[in-house]
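These numbers come from the heavy atoms of this one structure, side chains and all, not from hydrogens, waters or symmetry mates.
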Amino acid sequence: MAVEQVAVEVASMAKLGAGIAIGFGAIGAGIGLGIATKGLLDAVSRQPEIAGKALIYFIIGAGLAEACAIYALFIALQLLG
């Protein structure tokens, strides 16, 4: 194999890896946010008086879940760059 062919294949695999990284990152964040939202709604439906406090914890958890998606985006951009 010529060196040019190897470089093209490595670039192609990097693009594939970037797509997989952002895909799994988005899936993980979506599942995490869905589970967190379900937990918030269950808690508030059982005890409506804790809605304000539960919402604060939900926002913190949602931010952490979204951080995983942002890390996946960063890794994908590094693979493409």
Quick check on side chain to side chain contact (heavy atoms under 4.5 Å, CB included): which of Leu40, Leu41, Ile35 does Thr37 satisfy it with?
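Exactly one candidate clears the test, Leu41.
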
In the structure I gave you, are the side-chain heavy atoms of Leu79 and Lys15 within less than 4.5 Å of one another anywhere?
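Contact flag for Leu79/Lys15 side chains = no.
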
Look at Lys38 together with Asp42 and state whether they make a salt bridge at an N to O cut-off of under 4.0 Å.
yes

What about [X] and [Y], same hydrophobic cluster or not, with Ile/Leu/Val/Met/Phe/Trp/Tyr joined at side-chain heavy-atom distances under 4.5 Å?
X: Tyr71; Y: Ile20; answer: no
X: Phe24; Y: Met13; answer: yes
X: Ile22; Y: Leu77; answer: yes

Roughly how far apart are Ile75 CD1 and Ile70 CD1, rounded to 0.5 Å?
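Ile75 atom CD1 to Ile70 atom CD1 measures 12.5 Å (nearest 0.5 Å).
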
Find the distance between CD1 (Ile59) and CG (Leu55) and round it off to the nearest 0.5 Å.
4.0 Å

Quick check: closest heavy atoms across [X] and [Y], and the distance to 0.1 Å?
X: Ala51; Y: Val44; answer: CA-CG2, 3.9 Å
X: Ala72; Y: Ala21; answer: CB-O, 3.4 Å
X: Ala69; Y: Ala29; answer: CB-CB, 3.8 Å

